[in-house]
Amino acid sequence: MSLPTGTRCGDHRAWVERELAELGGDLAAFWIRHREDGKKFAEWRGASAFAFAPTGPGVADFVQLSLGREIEVLAGPVVDPDHRPNSVDQLFEPTWVLRDSAAEAQQLAGPVYRLRGRAGGGIVHMRSFLARRARIDKEQREAGRPELENRIIREVGPDGTRDTAFLDANPDWFDFVPRENRFFADWERSSACTHRIFDLWAFDIHDFDDRGRREIGFIPRPLKMPAGKLAMEDSISVHRLMERTEAIDAEVGLPFAWFFFMTHGHWVDPDVGHTIADGLRAGRVRLPDRDAAVLLAWADQKYLF
């Protein structure tokens with residue numbers, strides 16, 4: 001909390017609760033008192049920053065540090081001057097304040113770098129993380145085996161009803177490889193392996209318990225991005241798509257970069273990958289053997305983030 005003079009007057013929530021207590025919890029009186037008194041609240045805003053340290057030659061042999069780079073800014077008035085609050089919660093969630101970029105807001109302190117906690121993957125040895133990710137997924141699937149062995153898929157059609165055991169319909173259920181592990185494996189066996197993965201990607205990691213279930217994984221974050229998205233257009237030829245994927249590779253300085261942008265799910269439309277895979281099968285286009293193998297495996301069993 002900050003007075004018009006710039007003097008701080010304590011924690012925002014504690015100050016609101018104290019002021020309301022003095023007014024007997026009267027929200028209207030609180031609003032009238034503070035709508036024009038110039039008091040403002042401050043908050044911390046920022047973005048993620050990552051640092052890496054190699055621990056060996058393998059694709060996952062590195063430690064990642066996930067940091068929050070934050071600055072404290074003067075956010076806005078303690079109440080909406082135009083609308084009276086309907087609940088105390090509205091005072092703690094000031095929707096009337098525009099979250100402009102921190103560069104445009106009045107800075108009070110920082111930048112401060114804060115190491116994320118365990119749930120946010122503050123310090124992670126990536127090879128150990130991937131082993132843990134695969135182990136937890138396998139344990140969770142095995143825990144459901146008794147129920148799955150008795151699960152039946154019932155299909156009703158014009159010729160009657162057909163029952164199929166779930167595991168007969170999904171014979172690879174217990175051989176599943178998490179997308180995080182596939183991302184690293186695909187990097188290692190593709191042309192991209194000539195570069196360290198952390199030169200191009202950071203990993204927004206989560207690892208926590210949610211109502212008794214372990215949630216673990218990551219979202220890859222590109223450190224170098226193409227200038228624009230590659231969308232799948234009507235009637236575009238596979239040869240033209242190849243030209244555009246090659247342009248992305250050249251732009252970021254990495255062979256087969258477009259494939260990993262595609263798995264990220266934002267920069268390259270997955271239909272681009274399927275179209276190029278169809279072109280490979282038909283012999284209309286070519287990729288290096290290692291990249292073709294990765295793409296065709298992805299097309300057979302797609303994963304995205």
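No experiment lies behind these values; they were computed from the predicted model shown. Just the heavy atoms: all of them, side chains too, but no hydrogens, waters or symmetry mates, feed the values below.
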- Task: Among residues two or more places apart or on two chains, list those pairs meeting salt bridge (Lys or Arg N to Asp or Glu O under 4.0 Å) that have a residue in residues 291-305.
- Result: Arg281-Asp300
- Message: For residues Leu296 and Val268: do they belong to one hydrophobic cluster (side chain heavy atoms under 4.5 Å, members Ile, Leu, Val, Met, Phe, Trp, Tyr)?
- Response: yes
- Query: Does the side chain of Ser66 come within less than 4.5 Å of Ile205's, by heavy atoms?
  - Reply: no
- Query: Do any N or O atoms from the side chain of Asp204 and from the backbone of Ile219 form a donor-acceptor pair under 3.5 angstrom?
  - Reply: no
- Note on the structure: Which of Phe52, Phe129, Phe184 passes ring-ring contact (aromatic ring centres under 6.0 Å, His included) with Phe203? It is Phe184
- Between Pro178 and Asp137, what is the shortest heavy-atom contact and its length? CG-CB, 4.0 Å
- Query: Hey, is Asp82 close enough to Arg35 for a salt bridge, meaning N to O under 4.0 Å?
  - Reply: no
- Task: Please name all residues satisfying side-chain hydrogen bond (donor to acceptor under 3.5 Å, both in side chains) with Arg135, sequence neighbours left out, ordered by chain then number.
- Result: Glu139
- Once you round to the nearest 0.5 Å, how far does NE2 of His206 lie from CZ of Phe218? 10.0 Å
- Note on the structure: Joining Ile, Leu, Val, Met, Phe, Trp and Tyr whenever any side-chain heavy atoms lie under 4.5 Å apart, the cluster holding Val63 also takes in Leu65, Leu67, Tyr113, Leu115, Ile123
- List the steps and the verdict of side chain to side chain contact (heavy atoms under 4.5 Å, CB included) for Asp278 and Val238. CA-CA 9 Å; Asp278 290 341; Val238 67; over 6 Å; no
- When every non-hydrogen atom of Ala42 is compared with those of Leu108, the smallest separation belongs to CB-CD1, 3.6 Å
- Item | Phe261 and Trp201: CA distance, side-chain angles, deciding distance, ring pair (Phe, Tyr, Trp, His ring centres under 6.0 Å) verdict | CA-CA 10 Å; Phe261 284 122; Trp201 294 92; 5.5 Å; yes
- Message: Quick test of your reading of the model: are Arg33 and Glu22 salt-bridged, counting only N-O distances below 4.0 Å?
- Response: yes
- What's the spacing between Glu155 CD and Arg162 CZ if we round to 0.5 Å? 4.5 Å
- Does Asp11 come within less than 4.0 Å of Arg13, counting only side-chain N to carboxylate O? no
- Is the side chain of Asp249 donor-acceptor paired with the backbone N or O of Trp258 at a distance under 3.5 Å, no angle test? yes
- Item | Heavy-atom side-chain proximity of Leu230 to Asp269 below 4.5 angstrom | no
- Note on the structure: In terms of heavy-atom contacts, Pro255 and His195 come closest through CD-CE1, 4.1 Å
- Could you tell me whether Phe41 and Trp15 have their ring centroids closer than 6.0 angstrom? no
- Can you tell me which residue pairs pass the side-chain hydrogen bond (donor to acceptor under 3.5 Å, both in side chains) test with a partner in residues 226-237, sequence neighbours excluded? Glu233-Arg244
- How close do Arg214 and Gln140 get, heavy atom to heavy atom, and via which atoms? O-NE2, 3.0 Å
- Under a single-linkage definition using a 4.5 Å side-chain heavy-atom cutoff for Ile, Leu, Val, Met, Phe, Trp and Tyr, are Phe260 and Val177 assigned to the same hydrophobic cluster? no
- Listed once per pair and sorted, the salt bridge (Lys or Arg N to Asp or Glu O under 4.0 Å) pairs that draw on residues 169-182, sequence neighbours left out: Arg133-Glu180
- Query: Does any non-hydrogen side-chain atom of Arg290 lie less than 4.5 Å from one of Ser191?
  - Reply: yes
- Item | Salt-bridge present (Arg151, Glu147; N to O < 4.0 Å) | yes
- Message: With a 3.5 Å distance limit and no angle check, can you tell me whether Trp298 reaches the backbone of Tyr303 through a side-chain donor-acceptor pair?
- Response: yes
- State whether the number of non-hydrogen atoms from other residues, nucleotides or ligands found under 6.0 Å of Arg141 atom CZ is greater than 12. yes
- Query: Quick one: do the Asp271 and His274 side chains pair a donor with an acceptor below 3.5 Å?
  - Reply: no
- Flag yes if Phe176 and Trp173 sit in one hydrophobic cluster, no otherwise; membership is Ile, Leu, Val, Met, Phe, Trp, Tyr, and two members link when side-chain heavy atoms are under 4.5 Å apart. no
- Note on the structure: Heavy atoms of Asp26 and Ala29 approach each other most closely as OD1-N, 3.1 Å
- Query: Atom NZ of Lys138 and atom CD1 of Ile136: how far apart are they, to the nearest 0.5 Å?
  - Reply: 14.0 Å
- Query: Under a 4.5 Å cut-off applied to non-hydrogen side-chain atoms, are Leu91 and Leu27 in contact?
  - Reply: yes
- Determine, stepwise, if the pair Asp199 / Lys224 fulfils side chain to side chain contact (heavy atoms under 4.5 Å, CB included). CA-CA 9 Å; Asp199 289 337; Lys224 296 180 182 178; over 6 Å; no
- Tell me, please, whether Phe50 has Arg221 positioned over its six-membered ring: NZ or CZ under 6.0 Å from the ring centre and within 45 degrees of its axis? no
- Remaining members of the apolar cluster that contains Val112, side-chain heavy atoms under 4.5 Å: Trp44
- Are Ile248 and Leu223 connected in a single hydrophobic cluster, I mean Ile/Leu/Val/Met/Phe/Trp/Tyr linked by side-chain heavy atoms less than 4.5 Å apart? yes
- Item | Geometric class of the Phe256/Phe259 ring pair [parallel <30°, tilted 30-60°, perpendicular >60°] | parallel
- Query: Looking at SG of Cys193 and CG of Leu254, how far apart are the two atoms once the value is rounded to the nearest 0.5 Å?
  - Reply: 10.0 Å
- Task: Ignoring hydrogens and angles, state whether a donor on the side chain of His83 or Gln90 is under 3.5 Å from an acceptor on the partner side chain.
- Result: no
- Ile152 versus Thr164: any side-chain heavy-atom pair under 4.5 Å? no
- Task: Please round to the nearest 0.5 Å and tell me the distance separating atom CE of Met126 and atom OG1 of Thr55.
- Result: 10.5 Å
- Message: Does Glu19 form a side chain to side chain contact (heavy atoms under 4.5 Å, CB included) with Val16? I'd like the steps, not just the answer.
- Response: CA-CA 5 Å; Glu19 288 283 305; Val16 169; 5.9 Å; no
- Reported CG-to-CZ distance for the pair Leu148 and Arg145, which is rounded to 0.5 angstrom: 8.5 Å
- Decide side chain to side chain contact (heavy atoms under 4.5 Å, CB included) for Glu188 and Ile197; before the verdict, give the C-alpha distance in whole Å, the side-chain angles of both, and the deciding distance to 0.1 Å. CA-CA 9 Å; Glu188 189 168 32; Ile197 197 169; over 6 Å; no
- Closest non-hydrogen contact found for Pro77 with Val97 is O-CG2, 4.5 Å
- Query: If only atom types and distance count, is the side chain of His12 paired as donor or acceptor with the main-chain N or O of Phe92 below 3.5 Å?
  - Reply: no
